[in-house]
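First up is the structure itself, then whatever we jot down about it.
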Amino acid sequence: MMVSIFLVFIMHLGFASLESGLTRSKNTINILFKNVMVVSIGLLTYTFIGFNMMYPGAEFAGGFFGFSGFGLQIPENGLTSAYNIGYTYWTDFLFQAMFAATAATIVSGAVAERIKLNSFLIFSVFYIGLVYPVTGMWKWGGGFLDTLGFYDFAGSTLVHSVGGWAALMAVIMLGPRIGKYNGSSRAIEGHNIPLAVLGVFLLWFGWFGFNGGSVLSADPGTVSLVLVTTSLAAAAGALSSFFTSYAIFKSYDITMVLNGILAGLVGITAGADLMSVTDAILIGLIAGVLIVLAVIALDKLKLDDPVGAVAVHLIIGIWGTLAVGIFGAKAGWSQFGHQLIGVLAVGLFCITTSFIILIIIKKTIGLRVSEEEEIEGLDIHEHGMNAYPDFRTNEH
Amino acid sequence: MMVSIFLVFIMHLGFASLESGLTRSKNTINILFKNVMVVSIGLLTYTFIGFNMMYPGAEFAGGFFGFSGFGLQIPENGLTSAYNIGYTYWTDFLFQAMFAATAATIVSGAVAERIKLNSFLIFSVFYIGLVYPVTGMWKWGGGFLDTLGFYDFAGSTLVHSVGGWAALMAVIMLGPRIGKYNGSSRAIEGHNIPLAVLGVFLLWFGWFGFNGGSVLSADPGTVSLVLVTTSLAAAAGALSSFFTSYAIFKSYDITMVLNGILAGLVGITAGADLMSVTDAILIGLIAGVLIVLAVIALDKLKLDDPVGAVAVHLIIGIWGTLAVGIFGAKAGWSQFGHQLIGVLAVGLFCITTSFIILIIIKKTIGLRVSEEEEIEGLDIHEHGMNAYPDFRTNEH
Amino acid sequence: MMVSIFLVFIMHLGFASLESGLTRSKNTINILFKNVMVVSIGLLTYTFIGFNMMYPGAEFAGGFFGFSGFGLQIPENGLTSAYNIGYTYWTDFLFQAMFAATAATIVSGAVAERIKLNSFLIFSVFYIGLVYPVTGMWKWGGGFLDTLGFYDFAGSTLVHSVGGWAALMAVIMLGPRIGKYNGSSRAIEGHNIPLAVLGVFLLWFGWFGFNGGSVLSADPGTVSLVLVTTSLAAAAGALSSFFTSYAIFKSYDITMVLNGILAGLVGITAGADLMSVTDAILIGLIAGVLIVLAVIALDKLKLDDPVGAVAVHLIIGIWGTLAVGIFGAKAGWSQFGHQLIGVLAVGLFCITTSFIILIIIKKTIGLRVSEEEEIEGLDIHEHGMNAYPDFRTNEH
């Protein structure tokens, strides 16, 4: 379980690498800066307020909202966690805290290359501190979705879609990068593909902890099954995105295969402990096809998401959540209905709250950098530095 | 044991980083693409067929070939693995599946910068799916080499040489890169040395799982001894390759030291649980000298292996296997003979099968890209992308 | 505990990435080479002599110096470690050996871009082999600082300051890089910021093992508390260095935030098992302010430390050590006094010994490369290679 903490931590490096690799070199420091600060903000806000909103304990929990006070209170029975018997309070807290920052990191990729740094950081404080723990509580803290029978093993909805909905709202409210949709859509290539590949491998590596640790028990049978379903869904996602993107583009597009791996991982996350080997492979194969179509569809809608975060985390997060009603041990119309209600309830809450936070920021300090800053690069303007000062670069 | 799975997984990132770092920037996406797809292919073919060929169970195993049916069958005693008591079926499967793809990844470095992508992927399907499990069964699945007394703790022969023999065959059948041997041999420098260093550190990191996990039991005495012998052999390999290459080239060649570390690791792999501290250091020191000589010798033979995969995995794989008969708890002429038989039997089978697969591919869809594609780079031609579009590059 | 070994190992990759990312591309191979060799040297010297100097066992230990013979002697009770009941001898040895090389790696960043490679390697052999184990024994091996009541949980003084004092001496004796202080101080930017960020994430990741493993028992309550205090101190260090550097420079300086994270980690290391959540956050916040001031102060003193190693490891190492007397379970004037004595004793010994080693090297083979070599780059001169031969670079 502690190993899972380490692995989920390293996912933040994975996101940082993937997002900076898939964007332009003139905005690299800016993206890395956001990802570094989000980890820090996530840990501190979760300590201060988030953990006690998400896991308030039985006496403080309502169906929709609960809170048991600021800071960390060690439970009366000493170190044992009230929620997860068998783990210490600290292990439980830190594992959950490492998750919390993920939601904001997902947003960071979608808004890259044009959002103001301080606006993003302020958004993150409120979204991680106040929104993520509420929807988390609905299921994992014993709230109304848990009572209903909604199932989300490790967070296809509660982590990935929560990040994805905010990413979608932010993409709409920011608008596309300059030059992205002049007439037709123009591909703006990422500046460092090895960095992106490093990011995806680290995310897969971290997902072993993300899903494996979510078993929240040391039962080796379930944990090892989860590792197998997670890996096979990722492998299947790579394969089907490979064939789908080749069929459409007639070239071997590595970014699509990377997205296919992530799609397989997000897709299996809601039901990783419920699926057979065949189920896991099918979920991954479908996720790999869906992700390619989703990326194309979002681009046709002129929603400019530099790293495909909305497609991966929102669209496939929804797919993974619904798949619990279609495949595996809980499949059935009734469960499918519960899953759909969960998707819609979380979606409605996240759209509303992220809109409120973003519109307030937009009307006060503003969301978007100036045109000059965007064209010349955020690194020089906001950071006074260049990520690669020794190398000669192209206009791009 | 599950931690070992994570570590062996990250070796694939290590190989991807090392191989792309040691080749030219115009072929970077191509190499990364191969490494990403090989993981996916390895996991899926091993699920579909490989695991049941390699570990068919007593009633299905012959001396040379065994098979217990397609897909995964959970054993009757529930989740417990038949081969490795104390681990679940899933843990055992996934650990072995992570190994399987390694053999093809080794080939990928040797054939870099000139093989057709789809040809390589088709080769990988058959080599991982049909060849690797057969020789694996000979020893680890209870086949004839196991009966004979052949010893290969974590795969100096069964993993590294299996990959190395195919790499050698592929190098011969492909021929050298354009411009490599115009008269004398020309060094074609790798484009990103930090990436190569990252790769070697990650491989060492992963090797803790590769060797540590191969104890297949939680006995902390043996596992921790294996970690010590593995680390000291790697350190000794670095040291002796440092001195050897300095003596020959009069400069501090970092690629030779990186190869020296890998040589120490491959060299100790066959007997990591049998060696004392002194034995491990001696095996590593010899591996570090041998690797420098092997790289030079292969170059003199005009065998163009961009990353030194044949030298590291085949030559040192043989050294490590034979070293079990020379050093440590099993040393002796009789054991040396068993080791030699194992090396020869596996070599004969791998040479034959890889030749058959490669010649069929060559005669049908072809093995090598066009001259124009090779000169302009595989990234632009096969992938329609550039790994570093923002940077200005030299002709190279 | 074995997982901690893997994590501490990966810290060496973290240092290699951070140091090469924060220096110029013309010296990249040189820095990576040093970091690779230091791991090898550290493991081998610690095997040969260091472990038995640091943990000589009761009958061989004096207050100031102890030694129980060359090489590794397995204790009479078989594999169990004499110092850390519950772990095998091998686990204990390897965990300590992975620590040992850290001290020299710290120096490597401070002396980057101008020290002779062989001079640095010779220095490392003696410093890791003879100096680090002596001060280590003073506390962890049962020497006079342990008797006194000095406390240093995982090495704010015994690892970080030991490296930091030598780094300071080397910086003074080498002098600044050419062009650094022509009149006013000139920022010499690092060539690859993503590499530096990768390094810091990997160091944080490794610190979980560094601090978590230093509990030296499987008590999950203490280990998990240590993981929480470690993470929160790092997060707090990021936050306060962010605000401090913004207040001073009016820009978002990512290198300061990276240093802030490291400062939080070094600061908590001496007392990670003694602190409450609030204590840990306060220690981290102060460390994050101090590090910015320390970097500025050292620069004003014209002490040229390309990666800020002296500030992070020495200044914050002292802060962390003293903080044990100010915060947490042991706080009090008496403890503060013990901590101060520890800081001074170790400082005096390290200053003296590192001066002796460095002056002998300076008077014999010399410490610094030629002016021509420094200007043209160490990679071409010492290694005959370029780290990025495919890319066009600027004069820098």
Side-chain angles (χ1 to χ4, degrees), chain A residues 3 7 24-26 28 187-198 200-202 204-206 208-209 212 220-229 231-232 234-239 242 246 249-255 257-258 260-261 264 276-278 281 388 391-396, chain B residues 1-3 5-7 9-10 12-14 16-17 20-21 28-33 35-37 39-44 47-48 71-72 74 78-80 87-95 97-98 117-118 121 192 195 198 202 379 381-393:
Chain A
V3 171
L7 295 175
R24 287 167 292 182
S25 61
K26 65 184 176 185
T28 299
I188 299 179
E189 288 181 74
H191 84 282
N192 192 329
I193 301 300
L195 203 54
V197 171
L198 173 77
V200 170
F201 269 102
L202 290 178
W204 186 339
F205 182 64
F208 287 126
T222 312
V223 176
S224 59
L225 171 63
V226 164
L227 301 180
V228 170
T229 56
S231 296
L232 291 179
L239 203 69
F242 170 81
Y246 189 77
F249 304 116
K250 304 290 174 218
S251 81
Y252 302 113
D253 184 337
I254 196 164
T255 63
V257 172
L258 298 178
I261 289 172
S276 72
V277 162
T278 312
I281 292 175
Y388 306 96
F391 300 104
R392 294 197 201 171
T393 51
N394 303 308
E395 299 297 317
H396 183 46
Chain B
M1 184 73 183
M2 292 186 203
V3 172
I5 293 172
F6 312 151
L7 296 175
F9 170 75
I10 215 68
H12 291 289
L13 174 59
S17 302
S20 59
T28 300
I29 291 178
N30 190 258
I31 289 164
L32 296 170
F33 201 99
N35 280 281
V36 168
M37 287 308 298
V39 180
S40 168
I41 290 172
L43 286 170
L44 293 173
T47 304
F48 185 62
L72 297 181
I74 301 178
L79 278 171
T80 310
Y87 289 99
T88 73
Y89 178 77
W90 302 116
T91 302
D92 193 30
F93 160 72
L94 196 57
F95 184 66
M98 290 292 174
L117 183 72
N118 53 3
L121 295 181
N192 192 330
L195 203 54
L198 172 77
L202 290 178
D379 287 3
H381 278 261
E382 297 221 56
H383 306 279
M385 290 173 73
N386 186 326
Y388 305 95
D390 291 10
F391 300 105
R392 294 198 201 170
T393 51

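Every chain is numbered from 1 and lettered A, B, ... according to where its sequence line falls, protein lines coming before strand lines.
Ranked by heavy-atom pairs shorter than 4.5 Å toward chain B, the options A/L258, A/L225, A/L195, A/L239 are led by A/L225. The candidate from B/I29, B/N35, B/I41, B/I5 with the greatest count of non-hydrogen atom pairs under 4.5 Å with chain A is B/I29. Contact tally against chain B (heavy-atom pairs below 4.5 Å) for A/V3, A/V200, A/L232, A/T278: the top residue is A/L232.
Proximity to chain A involves both the backbone and the side chain of B/T91, based on heavy atoms less than 4.5 angstrom apart. Proximity to chain B is limited to the side chain of A/Y388, based on heavy atoms less than 4.5 angstrom apart. Contacts of A/L198 with chain B are made by both backbone and side-chain atoms, with heavy-atom separations under 4.5 Å. Contact annotation for A/V277: only side-chain heavy atoms (C-beta onward) come within less than 4.5 Å of a heavy atom of chain B. Both the backbone and the side chain of A/F205 have a heavy atom closer than 4.5 Å to some heavy atom of chain B. Neither the backbone nor the side chain of B/H381 comes within less than 4.5 Å of any heavy atom of chain A. Within the 4.5 angstrom heavy-atom criterion, only side-chain atoms of B/L117, from C-beta onward, approach chain A.
Considering only residues two or more places apart in sequence or on other chains, A/T255 meets the side-chain contact (heavy atoms from CB on, under 4.5 Å) condition with A/L22, A/D253, B/M385. Scanning for side-chain contact (heavy atoms from CB on, under 4.5 Å) contacts around A/A234 gives A/W204, A/I261, A/L265, with sequence neighbours left out.
Judged by distance alone, with hydrogens and angles left aside, the side-chain atoms of B/D390 form no donor-acceptor pair with the main-chain N or O of A/R24 at under 3.5 Å.
The shortest distance between side-chain heavy atoms of B/L32 and A/P194 falls below 4.5 Å. With contacts defined as side-chain heavy-atom distances shorter than 4.5 Å, the pair B/T28/A/I193 does not qualify.
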Pair B/W90-A/L227, side chain to side chain contact (heavy atoms under 4.5 Å, CB included): steps then yes or no
CA-CA 8 Å; B/W90 302 116; A/L227 301 180; over 6 Å; no

Would you check, one step at a time, whether the test side chain to side chain contact (heavy atoms under 4.5 Å, CB included) holds for A/S231 with B/L94?
CA-CA 9 Å; A/S231 296; B/L94 196 57; 3.9 Å; yes

Go through the steps for A/N394 and B/F391 under the test side chain to side chain contact (heavy atoms under 4.5 Å, CB included), then give the verdict.
CA-CA 6 Å; A/N394 303 308; B/F391 300 105; 5.6 Å; no

Check the pair B/M37 / A/F242 against side chain to side chain contact (heavy atoms under 4.5 Å, CB included), numbers first and verdict last.
CA-CA 9 Å; B/M37 287 308 298; A/F242 170 81; 3.9 Å; yes

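A/F208 and B/F9 have perpendicular rings, their planes meeting at more than 60° on a 0 to 90° scale where under 30° would count as parallel.
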